[in-house]
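Heavy-atom basis, side chains included; hydrogens, waters and symmetry copies ignored. Here is how names work: the chains are called A, B, and so on, in the same order as the sequence lines, proteins then strands, and each is numbered from 1.
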Amino acid sequence: MDTQTQLTAEELNEIIQLIYTQHGYDFSDYARSSLLRRVARCMAIAEFKTSYELKYHLINDKSFFAWFLETLTVNVTEMFRDPIFYKELREKVIPTLASYPIIKVWHAGCATGEEVYSMAILLQEAGLLNRTRMYATDLNPVNLERARQGIIPLKQIKEYTINYIKSGGTNDFSAYYTAQYDNAIIHKEYREEVVFARHNLAVDQVFNEFQLICCRNVMIYFNQELQNRAVHLFHDSLSPLGYLAIGIKESLLFTDIKEQFEAISPLTRIYRRKK
Amino acid sequence: MTKSSVDIVVIGGSAGSIPVISELIEALPSPFDFAVVIVLHRSKNVISEMEQILAVKRKEIIVKEPDDKEPIQKKCVYLAPQNYHLLIEETHSFCLDYSEPVSYSRPSIDVTFESIAEIYTEKAVAILLSGANGDGSRGMAEMIARGGIGIVQEPSTAEYPIMPQLALDANAGAKSMTPAQISAYIHTLNV
(Lines give C-alpha, C1' and ligand atoms only; values in the text may rest on other atoms or scores of the structure.)
Protein backbone atom coordinates (compact mmCIF):
# COMPACT_ATOMS: atom_id res chain seq x y z
CA MET A 1 0.00 0.00 0.00
CA ASP A 2 1.19 3.48 -0.83
CA THR A 3 2.00 5.69 2.12
CA GLN A 4 3.83 8.20 -0.04
CA THR A 5 1.17 10.90 0.36
CA GLN A 6 3.11 14.01 1.28
CA LEU A 7 2.11 15.97 4.33
CA THR A 8 4.10 18.81 5.86
CA ALA A 9 4.61 19.31 9.58
CA GLU A 10 2.48 22.45 9.37
CA GLU A 11 -0.39 20.64 7.64
CA LEU A 12 -0.23 17.95 10.31
CA ASN A 13 -0.53 20.62 13.01
CA GLU A 14 -3.61 22.04 11.34
CA ILE A 15 -5.19 18.60 11.14
CA ILE A 16 -4.45 17.89 14.82
CA GLN A 17 -6.06 21.21 15.74
CA LEU A 18 -9.07 20.50 13.55
CA ILE A 19 -9.63 17.04 15.04
CA TYR A 20 -9.52 18.56 18.51
CA THR A 21 -11.97 21.38 17.85
CA GLN A 22 -14.39 19.34 15.72
CA HIS A 23 -14.25 15.98 17.47
CA GLY A 24 -12.62 16.50 20.89
CA TYR A 25 -9.75 14.01 20.45
CA ASP A 26 -6.40 15.49 21.42
CA PHE A 27 -3.46 14.16 19.40
CA SER A 28 -1.20 17.16 20.02
CA ASP A 29 1.15 15.22 22.28
CA TYR A 30 1.44 12.17 20.09
CA ALA A 31 4.86 11.33 18.61
CA ARG A 32 4.96 13.29 15.38
CA SER A 33 6.88 10.77 13.28
CA SER A 34 4.39 7.96 13.72
CA LEU A 35 1.36 10.27 13.63
CA LEU A 36 2.54 11.71 10.32
CA ARG A 37 2.80 8.19 8.90
CA ARG A 38 -0.67 7.28 10.17
CA VAL A 39 -2.36 10.39 8.79
CA ALA A 40 -0.59 9.91 5.44
CA ARG A 41 -1.77 6.30 5.47
CA CYS A 42 -5.38 7.36 6.05
CA MET A 43 -5.11 9.84 3.20
CA ALA A 44 -3.64 7.20 0.89
CA ILE A 45 -6.42 4.70 1.65
CA ALA A 46 -9.09 7.39 1.21
CA GLU A 47 -7.33 8.45 -2.01
CA PHE A 48 -6.97 12.04 -0.87
CA LYS A 49 -4.19 13.86 -2.67
CA THR A 50 -4.06 16.94 -0.46
CA SER A 51 -4.63 17.81 3.18
CA TYR A 52 -7.52 20.06 2.06
CA GLU A 53 -9.53 17.00 1.07
CA LEU A 54 -8.86 15.44 4.45
CA LYS A 55 -9.86 18.62 6.26
CA TYR A 56 -13.01 18.93 4.16
CA HIS A 57 -14.13 15.42 5.12
CA LEU A 58 -13.21 15.88 8.77
CA ILE A 59 -15.46 18.95 8.90
CA ASN A 60 -18.34 18.01 6.61
CA ASP A 61 -18.64 14.24 6.52
CA LYS A 62 -20.15 12.98 9.78
CA SER A 63 -19.49 9.29 9.20
CA PHE A 64 -15.92 9.87 8.02
CA PHE A 65 -14.44 10.55 11.42
CA ALA A 66 -15.29 7.11 12.84
CA TRP A 67 -13.43 5.48 9.96
CA PHE A 68 -10.57 7.95 10.25
CA LEU A 69 -10.14 7.35 14.00
CA GLU A 70 -10.15 3.60 13.50
CA THR A 71 -7.59 3.78 10.72
CA LEU A 72 -5.44 6.39 12.45
CA THR A 73 -4.97 4.51 15.69
CA VAL A 74 -2.80 1.42 15.60
CA ASN A 75 -4.95 -1.62 16.26
CA VAL A 76 -2.37 -4.28 15.51
CA THR A 77 -1.96 -6.71 18.38
CA GLU A 78 -1.32 -10.38 19.10
CA MET A 79 -2.15 -12.98 21.72
CA PHE A 80 0.79 -13.77 23.97
CA ARG A 81 2.95 -11.30 22.15
CA ASP A 82 6.53 -11.55 23.52
CA PRO A 83 6.00 -14.96 25.13
CA ILE A 84 8.87 -14.32 27.54
CA PHE A 85 6.86 -11.44 29.02
CA TYR A 86 3.95 -13.78 29.79
CA LYS A 87 6.37 -16.30 31.24
CA GLU A 88 7.66 -13.61 33.62
CA LEU A 89 4.07 -12.70 34.52
CA ARG A 90 3.33 -16.33 35.34
CA GLU A 91 6.41 -16.69 37.49
CA LYS A 92 6.92 -13.31 39.13
CA VAL A 93 3.62 -11.43 39.22
CA ILE A 94 0.67 -13.79 39.31
CA PRO A 95 1.77 -15.72 42.44
CA THR A 96 1.87 -12.40 44.35
CA LEU A 97 -1.51 -11.33 43.00
CA ALA A 98 -2.92 -14.52 44.49
CA SER A 99 -2.61 -13.00 47.97
CA TYR A 100 -5.32 -10.40 47.27
CA PRO A 101 -8.96 -11.30 47.96
CA ILE A 102 -10.05 -9.32 44.90
CA ILE A 103 -7.61 -8.66 42.08
CA LYS A 104 -8.10 -5.70 39.76
CA VAL A 105 -6.31 -5.56 36.43
CA TRP A 106 -6.39 -2.71 33.89
CA HIS A 107 -5.44 -3.06 30.24
CA ALA A 108 -4.96 0.52 29.02
CA GLY A 109 -5.10 0.89 25.25
CA CYS A 110 -6.39 -2.66 24.76
CA ALA A 111 -6.97 -2.36 20.98
CA THR A 112 -8.92 -5.42 19.86
CA GLY A 113 -8.37 -7.31 23.10
CA GLU A 114 -5.88 -10.06 22.22
CA GLU A 115 -3.65 -9.25 25.20
CA VAL A 116 -6.64 -8.95 27.53
CA TYR A 117 -7.69 -12.51 26.73
CA SER A 118 -4.09 -13.73 27.03
CA MET A 119 -4.08 -12.35 30.57
CA ALA A 120 -7.47 -13.88 31.33
CA ILE A 121 -6.07 -17.26 30.30
CA LEU A 122 -3.06 -16.86 32.60
CA LEU A 123 -5.31 -15.93 35.51
CA GLN A 124 -7.62 -18.85 34.80
CA GLU A 125 -4.68 -21.27 34.75
CA ALA A 126 -3.55 -19.87 38.11
CA GLY A 127 -7.08 -20.38 39.49
CA LEU A 128 -7.56 -16.63 40.00
CA LEU A 129 -9.90 -15.55 37.23
CA ASN A 130 -13.07 -15.87 39.29
CA ARG A 131 -11.84 -13.29 41.79
CA THR A 132 -10.32 -10.93 39.25
CA ARG A 133 -12.01 -7.83 37.85
CA MET A 134 -10.51 -6.97 34.48
CA TYR A 135 -10.94 -3.52 32.95
CA ALA A 136 -9.97 -3.00 29.34
CA THR A 137 -10.02 0.50 27.91
CA ASP A 138 -9.30 2.13 24.58
CA LEU A 139 -10.03 5.51 23.06
CA ASN A 140 -11.52 3.93 19.97
CA PRO A 141 -15.11 2.60 20.31
CA VAL A 142 -14.74 0.33 17.27
CA ASN A 143 -11.81 -1.43 18.94
CA LEU A 144 -13.80 -1.90 22.12
CA GLU A 145 -16.68 -3.48 20.27
CA ARG A 146 -14.35 -5.93 18.54
CA ALA A 147 -12.57 -6.71 21.77
CA ARG A 148 -15.88 -7.35 23.50
CA GLN A 149 -16.83 -9.93 20.87
CA GLY A 150 -13.60 -11.88 21.37
CA ILE A 151 -13.42 -12.96 17.74
CA ILE A 152 -10.00 -13.82 16.38
CA PRO A 153 -9.25 -14.79 12.76
CA LEU A 154 -8.46 -18.48 12.69
CA LYS A 155 -5.44 -17.97 10.46
CA GLN A 156 -3.64 -16.29 13.37
CA ILE A 157 -4.34 -19.07 15.85
CA LYS A 158 -1.35 -21.18 14.86
CA GLU A 159 1.06 -18.36 15.71
CA TYR A 160 -0.80 -17.62 18.94
CA THR A 161 -0.66 -21.28 19.92
CA ILE A 162 3.13 -21.25 19.48
CA ASN A 163 3.35 -18.03 21.53
CA TYR A 164 1.17 -19.60 24.22
CA ILE A 165 3.40 -22.67 24.47
CA LYS A 166 6.53 -20.50 24.61
CA SER A 167 4.94 -18.52 27.43
CA GLY A 168 4.89 -21.69 29.52
CA GLY A 169 1.35 -22.73 28.71
CA THR A 170 0.78 -26.47 29.02
CA ASN A 171 -2.90 -26.74 28.24
CA ASP A 172 -4.36 -27.49 24.83
CA PHE A 173 -4.78 -23.93 23.48
CA SER A 174 -7.98 -24.90 21.68
CA ALA A 175 -9.59 -25.30 25.10
CA TYR A 176 -9.98 -21.51 25.16
CA TYR A 177 -11.95 -20.87 22.00
CA THR A 178 -14.55 -22.29 19.67
CA ALA A 179 -13.70 -22.39 15.98
CA GLN A 180 -16.48 -21.18 13.71
CA TYR A 181 -15.96 -20.71 9.96
CA ASP A 182 -12.86 -18.54 9.66
CA ASN A 183 -12.83 -17.34 13.24
CA ALA A 184 -12.01 -18.43 16.74
CA ILE A 185 -14.35 -17.12 19.42
CA ILE A 186 -12.94 -16.82 22.91
CA HIS A 187 -15.10 -18.73 25.39
CA LYS A 188 -17.79 -16.72 27.12
CA GLU A 189 -16.40 -17.27 30.63
CA TYR A 190 -13.36 -15.14 29.70
CA ARG A 191 -15.29 -12.44 27.89
CA GLU A 192 -17.71 -12.06 30.82
CA GLU A 193 -14.90 -11.25 33.23
CA VAL A 194 -13.88 -8.11 31.35
CA VAL A 195 -15.38 -4.62 31.62
CA PHE A 196 -14.75 -2.74 28.37
CA ALA A 197 -14.92 1.05 28.52
CA ARG A 198 -13.68 4.14 26.78
CA HIS A 199 -10.72 5.89 28.33
CA ASN A 200 -8.30 8.30 26.70
CA LEU A 201 -4.87 8.43 28.30
CA ALA A 202 -4.35 11.91 26.88
CA VAL A 203 -7.21 13.52 28.82
CA ASP A 204 -9.02 11.13 31.19
CA GLN A 205 -8.38 10.56 34.89
CA VAL A 206 -7.91 7.82 37.46
CA PHE A 207 -11.07 5.69 37.75
CA ASN A 208 -10.11 2.83 40.05
CA GLU A 209 -7.25 1.23 41.97
CA PHE A 210 -5.39 -1.74 40.46
CA GLN A 211 -2.87 -4.37 41.42
CA LEU A 212 -1.70 -4.74 37.82
CA ILE A 213 -1.77 -2.35 34.87
CA CYS A 214 -0.77 -3.49 31.39
CA CYS A 215 -0.10 -0.82 28.82
CA ARG A 216 2.10 -2.42 26.23
CA ASN A 217 3.15 -0.61 23.05
CA VAL A 218 0.70 2.22 23.59
CA MET A 219 3.01 4.92 24.91
CA ILE A 220 5.35 4.53 21.91
CA TYR A 221 2.81 6.69 20.05
CA PHE A 222 3.11 9.49 22.64
CA ASN A 223 5.74 12.19 22.97
CA GLN A 224 7.64 12.51 26.22
CA GLU A 225 5.15 14.89 27.84
CA LEU A 226 2.23 12.60 27.21
CA GLN A 227 4.27 9.59 28.31
CA ASN A 228 4.87 11.42 31.56
CA ARG A 229 1.17 12.12 31.97
CA ALA A 230 0.29 8.49 31.33
CA VAL A 231 2.88 7.11 33.74
CA HIS A 232 1.75 9.52 36.49
CA LEU A 233 -1.81 8.36 35.87
CA PHE A 234 -0.70 4.72 36.15
CA HIS A 235 1.21 5.46 39.34
CA ASP A 236 -1.86 7.07 40.89
CA SER A 237 -4.04 4.16 39.72
CA LEU A 238 -1.85 1.47 41.28
CA SER A 239 -2.11 0.23 44.82
CA PRO A 240 1.21 0.38 46.72
CA LEU A 241 3.45 -2.43 45.35
CA GLY A 242 1.13 -2.77 42.33
CA TYR A 243 2.64 -3.81 39.00
CA LEU A 244 3.01 -1.87 35.77
CA ALA A 245 3.86 -3.74 32.55
CA ILE A 246 4.92 -1.79 29.46
CA GLY A 247 6.27 -2.90 26.08
CA ILE A 248 9.60 -4.69 25.91
CA LYS A 249 11.22 -1.74 24.12
CA GLU A 250 9.52 0.94 26.17
CA SER A 251 11.23 2.52 29.14
CA LEU A 252 10.36 4.55 32.21
CA LEU A 253 13.89 5.99 32.08
CA PHE A 254 12.74 8.97 30.05
CA THR A 255 9.91 9.89 32.43
CA ASP A 256 10.21 12.15 35.49
CA ILE A 257 8.58 9.57 37.78
CA LYS A 258 11.00 6.68 37.23
CA GLU A 259 12.20 6.88 40.87
CA GLN A 260 8.75 5.83 42.05
CA PHE A 261 9.04 2.45 40.35
CA GLU A 262 11.29 -0.53 40.77
CA ALA A 263 12.02 -2.81 37.80
CA ILE A 264 11.23 -6.38 38.79
CA SER A 265 11.84 -7.79 35.33
CA PRO A 266 14.18 -5.37 33.53
CA LEU A 267 14.23 -7.49 30.35
CA THR A 268 10.46 -7.57 29.90
CA ARG A 269 9.82 -4.17 31.51
CA ILE A 270 7.65 -5.16 34.40
CA TYR A 271 7.82 -2.52 37.13
CA ARG A 272 6.43 -2.29 40.63
CA ARG A 273 5.16 0.83 42.30
CA LYS A 274 7.14 1.63 45.43
CA LYS A 275 5.13 2.21 48.60
CA MET B 1 39.92 17.11 11.43
CA THR B 2 36.95 18.92 9.89
CA LYS B 3 33.52 18.36 11.29
CA SER B 4 31.79 15.42 9.68
CA SER B 5 29.22 16.36 7.06
CA VAL B 6 27.36 13.13 7.76
CA ASP B 7 25.36 12.76 10.98
CA ILE B 8 23.85 9.34 10.37
CA VAL B 9 24.43 6.22 8.27
CA VAL B 10 21.50 3.85 7.92
CA ILE B 11 22.02 0.32 6.60
CA GLY B 12 19.10 -1.81 5.40
CA GLY B 13 19.51 -5.53 4.81
CA SER B 14 17.52 -8.70 4.47
CA ALA B 15 18.43 -12.28 3.47
CA GLY B 16 22.16 -12.64 2.94
CA SER B 17 23.12 -9.29 4.43
CA ILE B 18 24.51 -10.20 7.84
CA PRO B 19 28.14 -10.88 6.78
CA VAL B 20 28.20 -7.61 4.86
CA ILE B 21 26.77 -5.67 7.80
CA SER B 22 29.51 -7.07 10.07
CA GLU B 23 32.12 -6.10 7.49
CA LEU B 24 30.76 -2.56 7.28
CA ILE B 25 30.73 -2.13 11.05
CA GLU B 26 34.36 -3.31 11.15
CA ALA B 27 35.18 -0.69 8.53
CA LEU B 28 33.92 2.27 10.56
CA PRO B 29 36.56 4.94 11.05
CA SER B 30 38.12 5.10 14.50
CA PRO B 31 36.69 7.14 16.09
CA PHE B 32 33.59 7.72 14.02
CA ASP B 33 31.62 10.90 14.46
CA PHE B 34 28.13 9.88 13.35
CA ALA B 35 25.37 7.45 14.35
CA VAL B 36 24.83 4.13 12.58
CA VAL B 37 21.38 2.56 12.35
CA ILE B 38 20.84 -0.98 11.06
CA VAL B 39 17.46 -2.21 9.86
CA LEU B 40 17.51 -5.95 9.35
CA HIS B 41 14.57 -8.20 8.45
CA ARG B 42 14.33 -10.99 11.01
CA SER B 43 11.85 -13.19 12.83
CA LYS B 44 9.74 -12.02 15.72
CA ASN B 45 8.68 -13.47 19.06
CA VAL B 46 11.99 -15.26 19.54
CA ILE B 47 14.78 -14.23 21.86
CA SER B 48 17.17 -12.50 19.53
CA GLU B 49 20.92 -12.83 19.74
CA MET B 50 21.44 -10.47 16.84
CA GLU B 51 23.22 -7.91 19.02
CA GLN B 52 25.81 -10.60 19.76
CA ILE B 53 25.92 -11.87 16.18
CA LEU B 54 26.71 -8.41 14.89
CA ALA B 55 29.24 -7.72 17.63
CA VAL B 56 32.60 -7.09 16.05
CA LYS B 57 36.19 -7.48 17.19
CA ARG B 58 36.53 -3.78 17.86
CA LYS B 59 35.68 -3.53 21.52
CA GLU B 60 34.76 0.15 21.43
CA ILE B 61 31.81 -0.59 19.13
CA ILE B 62 28.67 -1.82 20.84
CA VAL B 63 25.59 -2.71 18.82
CA LYS B 64 22.41 -2.00 20.77
CA GLU B 65 18.67 -2.10 20.20
CA PRO B 66 17.29 1.30 21.16
CA ASP B 67 14.35 1.79 23.51
CA ASP B 68 11.47 4.01 22.51
CA LYS B 69 12.35 7.75 22.86
CA GLU B 70 16.04 7.00 23.37
CA PRO B 71 18.15 9.96 22.16
CA ILE B 72 20.30 9.17 19.11
CA GLN B 73 23.97 9.58 19.88
CA LYS B 74 26.92 9.80 17.56
CA LYS B 75 29.57 7.07 17.83
CA CYS B 76 26.83 4.49 18.47
CA VAL B 77 25.54 1.59 16.38
CA TYR B 78 21.82 0.89 16.73
CA LEU B 79 19.85 -2.12 15.53
CA ALA B 80 16.11 -1.75 14.84
CA PRO B 81 14.29 -3.98 17.38
CA GLN B 82 12.52 -7.01 15.94
CA ASN B 83 8.80 -6.58 15.35
CA TYR B 84 8.78 -2.76 15.46
CA HIS B 85 9.20 -0.09 12.83
CA LEU B 86 11.94 2.34 13.77
CA LEU B 87 11.16 6.04 13.25
CA ILE B 88 13.04 9.23 14.11
CA GLU B 89 11.52 12.20 15.96
CA GLU B 90 12.39 15.83 15.31
CA THR B 91 14.16 15.83 18.67
CA HIS B 92 16.62 13.28 17.20
CA SER B 93 15.34 10.46 19.34
CA PHE B 94 14.05 7.06 18.27
CA CYS B 95 10.35 6.36 18.09
CA LEU B 96 9.08 2.79 17.78
CA ASP B 97 5.92 1.90 15.91
CA TYR B 98 3.95 -1.33 15.96
CA SER B 99 1.67 -0.64 13.02
CA GLU B 100 1.09 -2.97 10.06
CA PRO B 101 4.10 -4.54 8.34
CA VAL B 102 5.24 -2.71 5.19
CA SER B 103 6.46 -4.92 2.31
CA TYR B 104 5.61 -7.83 4.65
CA SER B 105 8.28 -6.55 6.99
CA ARG B 106 8.41 -5.03 10.44
CA PRO B 107 10.88 -3.44 10.82
CA SER B 108 10.57 -2.10 7.31
CA ILE B 109 13.64 -0.54 5.68
CA ASP B 110 11.46 1.91 3.71
CA VAL B 111 9.89 3.26 6.89
CA THR B 112 13.24 3.99 8.56
CA PHE B 113 14.90 5.36 5.41
CA GLU B 114 11.95 7.73 4.86
CA SER B 115 11.94 8.89 8.46
CA ILE B 116 15.71 9.50 8.54
CA ALA B 117 15.54 11.30 5.18
CA GLU B 118 12.88 13.62 6.58
CA ILE B 119 14.81 14.56 9.71
CA TYR B 120 18.46 14.38 8.60
CA THR B 121 18.05 15.38 4.90
CA GLU B 122 21.51 15.86 3.32
CA LYS B 123 23.31 14.75 6.49
CA ALA B 124 22.29 11.13 5.94
CA VAL B 125 23.68 8.17 4.01
CA ALA B 126 21.47 5.16 3.20
CA ILE B 127 22.99 1.81 2.27
CA LEU B 128 20.86 -1.06 0.95
CA LEU B 129 22.22 -4.60 0.93
CA SER B 130 21.27 -8.13 -0.13
CA GLY B 131 17.64 -9.24 0.16
CA ALA B 132 14.79 -11.01 -1.54
CA ASN B 133 11.99 -8.44 -1.58
CA GLY B 134 11.24 -4.88 -2.65
CA ASP B 135 11.77 -3.12 0.67
CA GLY B 136 14.10 -0.11 0.66
CA SER B 137 13.56 1.22 -2.89
CA ARG B 138 11.03 3.85 -1.93
CA GLY B 139 12.94 4.98 1.13
CA MET B 140 16.07 5.26 -0.97
CA ALA B 141 14.20 7.54 -3.38
CA GLU B 142 13.15 9.74 -0.46
CA MET B 143 16.71 9.82 0.86
CA ILE B 144 18.09 10.97 -2.49
CA ALA B 145 15.25 13.46 -3.06
CA ARG B 146 16.13 15.17 0.22
CA GLY B 147 19.80 15.50 -0.64
CA GLY B 148 21.13 12.46 1.21
CA ILE B 149 23.35 9.79 -0.33
CA GLY B 150 22.01 6.43 -1.53
CA ILE B 151 24.30 3.45 -1.94
CA VAL B 152 23.20 0.00 -3.10
CA GLN B 153 25.18 -3.22 -2.91
CA GLU B 154 26.23 -4.22 -6.44
CA PRO B 155 23.63 -6.98 -7.12
CA SER B 156 26.16 -9.44 -8.56
CA THR B 157 27.94 -9.45 -5.16
CA ALA B 158 24.73 -10.02 -3.18
CA GLU B 159 23.63 -13.46 -2.01
CA TYR B 160 20.06 -12.35 -2.82
CA PRO B 161 20.24 -9.71 -5.58
CA ILE B 162 16.50 -8.89 -5.87
CA MET B 163 16.34 -6.14 -3.26
CA PRO B 164 19.43 -4.20 -4.42
CA GLN B 165 18.46 -4.66 -8.08
CA LEU B 166 14.94 -3.28 -7.54
CA ALA B 167 16.39 -0.29 -5.67
CA LEU B 168 18.85 0.44 -8.49
CA ASP B 169 16.12 0.09 -11.13
CA ALA B 170 13.95 2.57 -9.23
CA ASN B 171 16.67 5.06 -8.33
CA ALA B 172 18.92 6.48 -11.03
CA GLY B 173 20.65 8.58 -8.37
CA ALA B 174 21.77 5.61 -6.26
CA LYS B 175 25.39 4.50 -6.43
CA SER B 176 26.14 0.80 -6.95
CA MET B 177 29.14 -0.47 -4.98
CA THR B 178 30.70 -3.77 -3.97
CA PRO B 179 30.95 -4.46 -0.23
CA ALA B 180 34.67 -3.56 -0.36
CA GLN B 181 33.87 -0.23 -2.00
CA ILE B 182 31.15 0.51 0.57
CA SER B 183 33.62 -0.30 3.37
CA ALA B 184 36.20 2.03 1.86
CA TYR B 185 33.56 4.74 1.50
CA ILE B 186 32.40 4.41 5.12
CA HIS B 187 35.98 4.56 6.25
CA THR B 188 36.39 8.02 4.71
CA LEU B 189 33.23 9.48 6.19
CA ASN B 190 34.82 11.46 9.00
CA VAL B 191 37.14 13.42 6.76
How far apart are the closest heavy atoms of B/Tyr84 and A/Ile220, and which atoms are they? CE2-CD1, 4.2 Å
Could you tell me which portion of A/Leu36 (side chain, backbone, both or neither) has an atom closer than 4.5 angstrom to a non-hydrogen atom of chain B? side chain
Salt bridge check, A/Arg38 against B/Asp97: does any charged N sit closer than 4.0 Å to a carboxylate O? no
Rounded to the nearest 0.5 Å, how far apart are CG of A/Leu253 and CG of B/Asp68? 11.5 Å
Using non-hydrogen atoms only, which part of A/Val74 is less than 4.5 Å away from chain B: side chain, backbone, both, or neither? side chain
Separation of B/Asn83 CG from A/Lys249 NZ (nearest 0.5 Å): 12.0 Å
Please check if the number of heavy atoms outside B/Glu90 that lie under 6.0 Å from its CD is greater than 12. no
Counting only heavy atoms from other residues, nucleotides and ligands, does the tally under 6.0 Å from CD of A/Glu10 exceed 12? no
Indicate yes or no for a side-chain donor-acceptor contact from B/Lys69 to the backbone of A/Phe222 under 3.5 Å, with no hydrogens or angles considered. yes
Taking the side chain as every heavy atom from C-beta outward, state whether B/Arg106 and A/Val76 have any atom pair closer than 4.5 Å. yes
What's the separation between atom CG in B/Leu86 and atom OG in A/Ser33, rounded to the nearest 0.5 Å? 9.0 Å
Got more than 12 heavy atoms from elsewhere within 6.0 Å of CG, A/Leu154? yes
Lys/Arg cation over aromatic B/Tyr98: A/Arg216, 6.0 Å, 45° cone: no
Rounded at 0.5 Å granularity, tell me how far CZ in A/Arg37 sits from CD in B/Glu100. 8.0 Å
Give, as side chain, backbone, both or neither, the part of B/Glu118 having an atom under 4.5 angstrom from any heavy atom of chain A. side chain
Is it the case that over 12 heavy atoms from other parts of the model lie below 6.0 angstrom from the CG atom of A/Asp182? no
Once rounded to the nearest 0.5 Å, what's the spacing between atom CG of A/Leu35 and atom SG of B/Cys95? 10.0 Å
Pair A/Arg32 + B/Glu89: basic N to acidic O under 4.0 Å: no
Can you tell me how far CG of B/Leu96 sits from CE of A/Met219, rounded to the nearest 0.5 angstrom? 12.0 Å
Less than 4.5 Å apart, any side-chain heavy atom of A/Phe254 and any of B/Pro71? yes
Minimum heavy-atom separation for B/Ser99 to A/Tyr221, with atom names? N-OH, 3.6 Å
